[in-house]
Amino acid sequence: MSYFDRTKEQRSSAVISILATILRVALAILIPLIAFLVLYAGFLFLRAGNAPKWLITIVAILWGVGGVAVLYWIFNWIVEMFPEQWTIRLQPFVFVGPAMAILIWYLAWPAARTFYISLFDRDGPAAGNFVGLGNYVAVFTDRLMRQAFRNNIFFWILVATPLTVALGLLVAVLADRSRFERVSKSMIFMPMAISFVGASVIWNFIYEVKPVGASQIGLLNALVVGLGGQPQAWPAYTAIAPFNNLFLVIIVLWLQTGFAMVLFSAALKGIPEEIIEAARVDGATEVQVFFRIMIPYIMGTIITVTTTIVIFTLKIFDVVWVMTGGQFGSDVIATQFYRQSFIARNAGYGSAIAIVLLIAVIPVMVYNLRQFREQEAF
Amino acid sequence: MRGLRKHRGAILVNLALAVLVLIWLIPSVGLLVSSFRDRFSIQTSGWWSIFPHREWAVVTVIDPREQGLDANAPMDVEGVTGTFEQLREGVEAPDGKRIKWIGNRRIGRIEVQEKQWAVNWGFTLENYRQVLMGKDFEYAHADGTVEIIPGDDFWGAIFNSLAVAIPSTVIPILIAAFAAYGFAWMNFPGRRLLFILVVALLVVPLQVALVPLLSFYKSLELNGTYLAIWLAHTGFGLALATYLLFNYISTLPRETLESAFIDGASHFTIFLRLILPLSVPALASFAIFQFLWVWNDYLVALIFLGGNPNFEVVTMRLAGIVGDRGQDWHLLTAGAFVSMILPLAVFFSLQRYFVRGLLAGSVKG
């Protein structure tokens, strides 16, 4: 049956279905096009930035949040117009695709690229020379880098981390037995909400120094002078170097103890009451209960907290940068990375430092992957 | 006997806890109190002097020249004798008064001081006005000279921080929720491999990505725009968000979804109408975590917004004052507190969700 043999209705319905298909294709192109144009106009408006501040803020929030939602809706809409078996095949990529694209684009690919840059001298691959592992040799022999490694390993990993863990555990155990548990935990936890820059201002004020004879407005120096000592600019007090780093460690201790405490507190509550009661009935002292029962029971949490704080202190940047700028022997790996990459513009060397940081967390990455493989969920 | 020991133990525990809490609070309380004291009071007396304490107060002032005193020899004043150097340090008289030479040898004066109860309040809201409004302020000294002190524009920085932090929180959550749903409820080739990538990227330090991203942004002229920093925060928070939301979404009861499928609902509808509402606790946990992280972030903002002073966020503004005007404590204390109000409010009102997020493993690589 050819086209001309059909009845009038049949013919018109065929035309309608063809028109409908054309319309659908046109819409499928037009709607995304309009959406992209609107989003691009929003982008230009924001980049120009000459409207009142509050308006820019509102537009930015609506544009950013709404834009992402609209993009998902459009992609899904297009995919659902395909025949069903294609929808089933393509839809997972609408759901998972954007996340994977961003993860690869923002972490995996830059990491590989950073490694590539680290094999070149200060001008990077575009204009510089290939130096092989030369930057890595420099990283491990340079005096300032050695100082940074010493600070990261000794002061931040070997001193700050165990102190934070121990103090967090102490507070968790004490709070567990107190009627004021909620309030006291909140207060110790509170610094978690404060930025490192804010914390640096708080502690700069504690360490503030005035000339001898003037009234000290920093709490620490007021105490020191009250006890008959000399006021000092503590984090910058190089006479006791490298132990002036301890004054930076105190700040991080203040910030992170709450984190350790919260995790320990939850773990302690997971210990069955009967075990502890049974030990007490058998005549165990509180100290024995703590070391023989509680500690082994929460060992998993202790390892988790320790690993987390080690990773955190490995990358420590803001506190050191704002307090001392890495001067007075307080440089760490991340401040060296920042200085080399963004101030000295030494692309190859800075990238090598970043790769060293990456290598340092690889054991944790392997551990995570192994844990994941043991899960049956996948 | 045992009851008594238990009682004493409880007191000891509470006492130790109270001491720790006090130590933890004092730094913040000092900052808060100082932010309400005027510029002069902050600079000349510790914040703790707002509490009643005994300090030397001037009773009478003596002009050494009128008394015919020679500063080059030991002097007799008000019943004490001392050289110029001793008097400059202050000499205490037997009746508890202190005689102190103020100023230099030629034109100084002698003060007779007495210990009196005092409080140095000097409370004011002026610091907040100066730090928020961004104008110059005139400051009249006691001797009549007028000093002009520039203020600071924290209002602008707060708006910038909001414009950075809200999308940087919502965008990764939305993207991660879609991905978590995809991983949990859809079947596609490469599913396991892609999720392994997510797990592997959990702890990758963001430093490793900064240099290539910056040059990438420069070539697209994206540097110093909101879009640039949203996407950067999204990229750095996404692995964790996907992982946490997957852990939550994959444990939702299978039957609910299957019955929805039988009713002919599409994946998209199920996700919007069923999964998102059911996942609110997990979404909230991560949202708080990410919001605090972005609001408090300094490094990422410094690198991707550093070139654009119009878009400075609060941490950059605050660090800027520390660097340029580190002695302007009236601005620093008020500015630091302004930068903390919002995160502290979020923290205290939604602490439950924050703790839940931490327990689920909200710790960033």
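Sequence lines set the chain letters: A, B, ... in the order given, protein chains first and strands last, and positions in each chain run from 1.
Contact annotation for B:Tyr226: only side-chain heavy atoms (C-beta onward) come within less than 4.5 Å of a heavy atom of chain A. Using a 4.5 Å cut-off between heavy atoms, A:Arg345 contacts chain B through its side chain alone, with no backbone atom that close. Of the two parts of A:Ile104, only the side chain, counted from C-beta on, holds a non-hydrogen atom closer than 4.5 Å to a non-hydrogen atom of chain B. Contacts between B:Ser34 and chain A at a heavy-atom distance below 4.5 Å involve the side chain alone, from C-beta outward. Looking at A:Glu208, only its side chain comes within 4.5 Å of chain B, counting heavy atoms on both sides. Of the atoms belonging to A:Phe189, heavy atoms from both backbone and side chain fall under 4.5 Å from chain B. If you measure heavy-atom distances from A:Glu80 to chain B, the contacts under 4.5 Å come from the side chain alone. With a threshold of 4.5 angstrom between heavy atoms, A:Ala347 does not approach chain B through any atom at all. With a 4.5 angstrom heavy-atom cutoff, B:Thr225 touches chain A only via side-chain atoms. A:Arg179 touches chain B through its backbone: at least one of N, CA, C or O sits under 4.5 Å from a heavy atom, while the side chain does not. At a 4.5 Å heavy-atom cutoff, the contact between B:Gln351 and chain A is made by side-chain atoms alone. For B:Val322, the part lying near chain A is the side chain, with the backbone staying farther off; criterion is any non-hydrogen pair under 4.5 Å. Looking at A:Met187, both its backbone and its side chain come within 4.5 Å of chain B, counting heavy atoms on both sides. Using a 4.5 Å cut-off between heavy atoms, A:Leu167 contacts chain B through its side chain alone, with no backbone atom that close. For B:Phe337, no part lies near chain A; criterion is any non-hydrogen pair under 4.5 Å. Contact annotation for A:Leu170: only side-chain heavy atoms (C-beta onward) come within less than 4.5 Å of a heavy atom of chain B. At a 4.5 Å heavy-atom cutoff, the contact between B:Trp48 and chain A is made by side-chain atoms alone. The part of B:Leu214 that comes within reach of chain A is its side chain, from C-beta onward, which places non-hydrogen atoms under 4.5 angstrom from that chain. Contacts between B:Phe291 and chain A at a heavy-atom distance below 4.5 Å are absent for every atom of the residue. For a residue to count as touching a neighbouring chain, one of its non-hydrogen atoms must lie under 4.5 Å from one of that chain's; by this rule A:Trp203 touches chain B with the side chain only. Only the side chain of A:Ile206 comes within less than 4.5 Å of a heavy atom of chain B; its backbone N, CA, C and O stay farther away. Neither the backbone nor the side chain of B:Ala176 comes within contact range of chain A, judged by heavy atoms closer than 4.5 Å. Interface residue B:Leu197: only side-chain heavy atoms are found under 4.5 Å from chain A.
Note on A:Leu62, A:Val366, A:Leu219, A:Val364: by heavy-atom pairs under 4.5 Å with chain B, the leading option is A:Leu219. Ranked by heavy-atom pairs shorter than 4.5 Å toward chain B, the options A:Ile202, A:Ile88, A:Thr87 are led by A:Ile202. For the set A:Tyr72, A:Phe312, A:Phe342, A:Tyr116, the count of heavy-atom pairs under 4.5 angstrom toward chain B peaks at A:Tyr72. Between chain B and the options A:Gly64, A:Ser215, A:Pro92, the largest number of non-hydrogen pairs under 4.5 Å is found for A:Pro92. Chosen from A:Gly124, A:Ala111, A:Ser186, the residue pairing most often with chain B at heavy-atom distances under 4.5 Å is A:Ser186. Of all the listed residues (B:Val346, B:Leu318, B:Leu292), the one sharing the greatest number of non-hydrogen pairs under 4.5 Å with chain A is B:Leu318. For chain A, the option among B:Ile166, B:Leu17, B:Leu12, B:Ile303 with the highest count of heavy-atom pairs below 4.5 Å is B:Leu17. For the set B:Leu222, B:Leu20, B:Asn187, the count of heavy-atom pairs under 4.5 angstrom toward chain A peaks at B:Leu20. Counting heavy-atom pairs closer than 4.5 Å to chain A, the top residue among B:Val355, B:Val170, B:Leu344, B:Leu194 is B:Leu194. Counting heavy-atom pairs closer than 4.5 Å to chain A, the top-ranked of the candidates B:Ala16, B:Ser45, B:Gly30 is B:Ser45. Of all the listed residues (B:Val314, B:Ile171, B:Thr333), the one sharing the greatest number of non-hydrogen pairs under 4.5 Å with chain A is B:Ile171. Among the candidates A:Ile362, A:Val201, A:Ile102, A:Leu357, the residue making the largest number of heavy-atom pairs closer than 4.5 Å to chain B is A:Val201.
Note: B:Ile196 CD1 to B:Arg192 CZ = 4.5 Å, rounded to the nearest 0.5 Å. Between the CG atom in B:Leu162 and the CG atom in B:Leu342 there is a gap of 6.5 Å [rounded to 0.5 Å]. To the nearest 0.5 angstrom, A:Leu253 atom CG is 5.0 Å from B:Trp24 atom CH2. With rounding to the nearest 0.5 angstrom, the CG atom of A:Leu255 is 8.0 Å from the OG atom of A:Ser200. Note that the CG atom of A:Asp318 and the OG1 atom of A:Thr335 stand 11.0 Å from one another [nearest 0.5 Å]. In this structure, CG in B:Leu302 is found 8.5 Å from OG1 in B:Thr315, a value given to the nearest 0.5 Å.
A centroid separation of less than 6.0 Å is found between the aromatic rings of A:Trp63 and B:Trp230. Residues A:Phe205 and B:Trp329 bring their aromatic ring centres within 6.0 Å.
Annotation: A:Glu84, atom CD; neighbour count of heavy atoms from other residues, nucleotides and ligands within 6.0 Å does not exceed 12. More than 12 heavy atoms of other residues, nucleotides or ligands sit less than 6.0 Å from atom CZ of A:Arg89. The number of heavy atoms from other shown groups lying within 6.0 Å of OH (A:Tyr367) does not exceed 12.
What you find for B:Ser168 and B:Val164 is that their closest heavy atoms are OG-O, 2.6 Å.
Side-chain N or O atoms of A:Thr114 include none that pairs as donor or acceptor with a backbone N or O of A:Ser351 at under 3.5 Å. Checking side-chain atoms of A:Ser184 against main-chain N and O of A:Phe180 turns up a donor-acceptor pair under 3.5 Å.
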Inset, instruction - Decide yes or no on side chain to side chain contact (heavy atoms under 4.5 Å, CB included) for B:Trp155 and B:Asn160, but give the supporting numbers first. - result: CA-CA 9 Å; B:Trp155 261 131; B:Asn160 290 340; over 6 Å; no

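Counted by atom type alone, B:Thr269 and B:Ser266 present one or more donor-acceptor pairs between their side chains at under 3.5 Å.
Under the rule for a ring-ring contact (aromatic ring centres under 6.0 Å, His included), the partners of A:Trp321 that lie at least two apart in sequence or sit in another chain are A:Phe317, A:Tyr338. Qualifying salt bridge (Lys or Arg N to Asp or Glu O under 4.0 Å) partners for A:Glu181, counting only residues two or more places apart in sequence or in other chains: A:Lys185, A:Lys269.
Taking the six-membered ring where the residue is Trp, B:Phe188 and B:Phe183 present tilted rings, their angle falling between 30° and 60°. Ring-plane geometry between B:Phe354 and B:Phe289 is classed as parallel, the angle between the planes falling under 30 degrees on a 0 to 90 degree scale with a further cut at 60.
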